[in-house]
Amino acid sequence: MSSRTYDVVIIGAGIVGSACAVECAREGLSVAIVEAGIIGGGATAAGMGHLVVMDDSEAQFALTRYSQQLWDEISDELPREVEHDACGTIWIAADDEEMAEARRKEKFYSDRGVPVEILDAQSLAKIEPQLRQGLVGGLRVPGDSVIYPPSAAQYFVEQALARRAELFLGVAVETITADCIRLRDGTSIAAGVIVNSAGSWSPQLTRGLEVKKRKGHLVITDRYPNFLRHQLVELGYLKSAHSVTADSVAFNIQPRKTGQLLIGSSRQYDVDESSVDVSILTRMLDRAVEYLPGLRKLSSLRTWTGFRAATPDKLPLIGPHDEHKRLYLATGHEGLGITTSLGTAKILVAQIMNRKPAIPVAPYLPARPAQEPAHA
Ligand SMILES: Cc1cc2nc3c(=O)[nH]c(=O)nc-3n(C[C@H](O)[C@H](O)[C@H](O)COP(=O)(O)OP(=O)(O)OC[C@H]3O[C@@H](n4cnc5c(N)ncnc54)[C@H](O)[C@@H]3O)c2cc1C
């Protein structure tokens, strides 16, 4: 084990830690990346990889929009394995109340320069003919896209290693001290800055973090090319994602570049058990079939679960810890950490380098005052 001192130690090589590592390395900082398991093997492997602009609060919008622009900037350089697909999203309205929400969203997005298009029932049926009849319409967001997140994390780590980074794989951090991290094998790595980007494990290393696990289920099908063209999400999703106590399911489906369909999603609090919960899974698939009756005839290949790292106000923690002088946090990204990894890395590094970030950081600072919860 190296006894060197690094400018920065990054704990966790999920998509957030990997993106932070490459951003630090680009600044010319020496970086140690310490990952207990495999690169991108935590929530990053479990997530859907939907790069989506969200509008539940101005702060959530600012970070998702900024991050999406950063993804677009690097889309040409991403390796094929990242499977970047500019498929866009359609938010589906099943009734008039949801159509009113689609129109509200249309105004919010267009006022802020995000291209969007309202679809009536006929144009929705034409653009996605597998959807059931009787839906009222929807909102198309053509700029949203999809990636395969573990390959993106791998790519970011490789980019960091090509600069001034070293990777310590398969070694768990036991504790964070005043100026170093102690590993479970008893060795230490000293650093000027320590970044806790251990996702849903982050509270185990930094006591007092208000980050809770929020379990999700996903199902992937066999290959059915051209079954769908867009990521489809029910507008009712927002209602279910609001709940911070009850178990919820919502229709959310993604066409993969492989021709497979990734079906989500569920949300459960206070569940540590990673096994598949058949009752939740059944509710989730029933909901999907309500929207896409043709799904009944398709075969699924695999089902899995993962844990989102949720904060009380649904915004991530990005910036210096309020007590530990060398510690920075990049955690608590709930269901948007794939999207917001790039924005997180930029604004974290701006704070480390004492530069003005591209977007205001106050809403994401770990020391922020308690706020009303935003949504998903
Ligand atoms: C079902 C589901 C669907 C989702 N869909 C989307 C989506 O469509 N779009 C989107 O933007 N987001 C989505 N998300 C959220 C997204 O997956 C997460 O926000 C994101 O992956 C978080 O990345 P991370 O790097 O913070 O955490 P993780 O990927 O969990 O990485 C943390 C890493 O830290 C390591 N680690 C933990 N403890 C230690 C230790 N002591 N020492 C060293 N290493 C340690 C772990 O091994 C792990 O690799 C979804 C999540 C789920 C569960």
Side-chain angles (χ1 to χ4, degrees), residues 14-16 19 42-44 46-68 89 91 101 104-105 108-109 112 114 141 144 149 196-203 206 208-217 233-250 252 264-271 306-319 322 329-345 347-348 359-376:
I15 196 142
V16 172
T44 298
M48 274 188 121
H50 188 202
L51 304 180
V52 55
V53 176
M54 294 286 283
D55 63 343
D56 296 327
S57 64
E58 288 289 353
Q60 190 190 60
F61 174 81
L63 188 59
T64 54
R65 174 68 167 150
Y66 174 48
S67 297
Q68 190 187 58
T89 305
W91 293 90
E101 171 60 11
R104 186 206 59 76
K105 252 172 127 52
F108 185 98
Y109 282 52
R112 289 159 184 79
V114 179
V141 188
D144 287 351
N196 182 349
S197 47
S200 61
W201 293 271
S202 53
T206 304
L209 283 193
E210 282 203 84
V211 172
K212 281 170 78 176
K213 287 177 163 184
R214 205 173 188 193
K215 185 175 175 180
H217 287 70
V233 192
E234 63 162 295
L235 276 158
Y237 173 88
L238 300 172
K239 297 172 203 155
S240 70
H242 288 187
S243 168
V244 289
T245 49
D247 294 351
S248 61
V249 298
N252 184 351
S265 63
S266 66
R267 283 181 150 79
Q268 291 171 278
Y269 266 120
D270 301 321
V271 183
F307 291 96
R308 306 170 181 91
T311 60
D313 63 5
K314 305 294 186 314
L315 291 172
L317 306 171
I318 309 167
D322 45 3
L329 304 173
T331 183
H333 293 77
E334 220 272 2
L336 288 170
I338 308 300
T339 305
T340 56
S341 54
L342 294 188
T344 296
I347 65 178
L348 180 88
I359 59 170
V361 294
Y364 324 110
L365 290 178
R368 65 184 176 253
Q371 296 165 30
E372 281 297 299
H375 308 146

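Numbers for residues simply follow the sequence, beginning at 1. As a basis for the values below, the full set of heavy atoms in this structure was taken, side chains included, without hydrogen atoms, waters or symmetry mates.
Counting only heavy atoms from C-beta outward, the side chains of L348 and Y364 never approach each other to under 4.5 Å. Here the side chains of I347 and L63 are in contact, with some heavy-atom distance below 4.5 Å. Contact of the I338 side chain with the M48 side chain is not registered, since no non-hydrogen atoms from C-beta on lie closer than 4.5 Å. Counting only heavy atoms from C-beta outward, the side chains of N196 and S202 approach each other to under 4.5 Å. Residues K105 and V141 fail the side-chain proximity criterion, which asks for heavy atoms closer than 4.5 Å. Side chains of T64 and V52 form no contact here, defined as non-hydrogen atoms less than 4.5 Å apart. Side chains of Q268 and K213 form no contact here, defined as non-hydrogen atoms less than 4.5 Å apart.
A donor-acceptor distance shorter than 3.5 angstrom exists from the side chain of S266 to the backbone of H217, with no hydrogens or angles considered. For the pair T206 (side chain) and L209 (backbone), a donor-acceptor distance under 3.5 Å is absent. A donor-acceptor pair under 3.5 Å is absent between the side-chain atoms of T340 and the main chain of G343, judged by distance alone. No donor-acceptor distance shorter than 3.5 angstrom exists from the side chain of S197 to the backbone of V16, with no hydrogens or angles considered.
E58 and R65 are not joined by a salt bridge, as no carboxylate oxygen comes within less than 4.0 angstrom of a charged side-chain nitrogen. Between R368 and D313 there is a salt bridge, since at least one side-chain N of the basic residue sits less than 4.0 Å from a carboxylate O of the acidic one.
T89 pairs by the side-chain hydrogen bond (donor to acceptor under 3.5 Å, both in side chains) definition with H50, D144, not counting sequence neighbours. Legend: residues meeting salt bridge (Lys or Arg N to Asp or Glu O under 4.0 Å) with K215, ordered by chain and number and at least two apart, are absent. Residues meeting the ring-ring contact (aromatic ring centres under 6.0 Å, His included) test with Y66, sequence neighbours left out: none.
Between A309 and G199 the shortest heavy-atom distance is CB-C, 3.8 Å. Of all heavy-atom pairs spanning L342 and A19, the tightest one is CD2-CB, 4.2 Å. Closest non-hydrogen pair, P149 versus G49, comes out as CG-CA, 3.6 Å. Between G319 and P366, the closest heavy-atom pair is O-CG, 3.6 Å. Pairing each heavy atom of R308 with each of G216, the nearest pair is NH1-CA, 3.5 Å. Here the shortest heavy-atom pairing between G306 and A46 reads CA-CB, 3.6 Å.
The structure places NZ of K314 at 11.5 Å from CE of M54, a figure rounded to the nearest 0.5 Å. With values rounded to the nearest 0.5 angstrom, L365 atom CG is found 11.0 Å from L315 atom CG. Separation of atoms CZ (R214) and CG (D247) is listed at 9.5 Å; rounding is to 0.5 Å.
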Exercise for review: Show your working on side chain to side chain contact (heavy atoms under 4.5 Å, CB included) between V361 and I318 and close with a plain yes or no.
Suggested key: CA-CA 8 Å; V361 294; I318 309 167; over 6 Å; no
**Study point:** Intermediate values then yes/no, side chain to side chain contact (heavy atoms under 4.5 Å, CB included), Q68 and V53
**Key:** CA-CA 7 Å; Q68 190 187 58; V53 176; 3.1 Å; yes
Check your understanding: Passes salt bridge (charged side-chain N to carboxylate O under 4.0 Å, His left out), D270 versus K212? Steps please.
Key -> CA-CA 8 Å; D270 301 321; K212 281 170 78 176; 3.7 Å; yes
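For R267 and Y269, the positive end is not near the middle of the six-membered ring at less than 6.0 Å and at most 45° from its axis.
Inspection of the T344 and H333 side chains reveals an N or O donor paired with an N or O acceptor under 3.5 Å.
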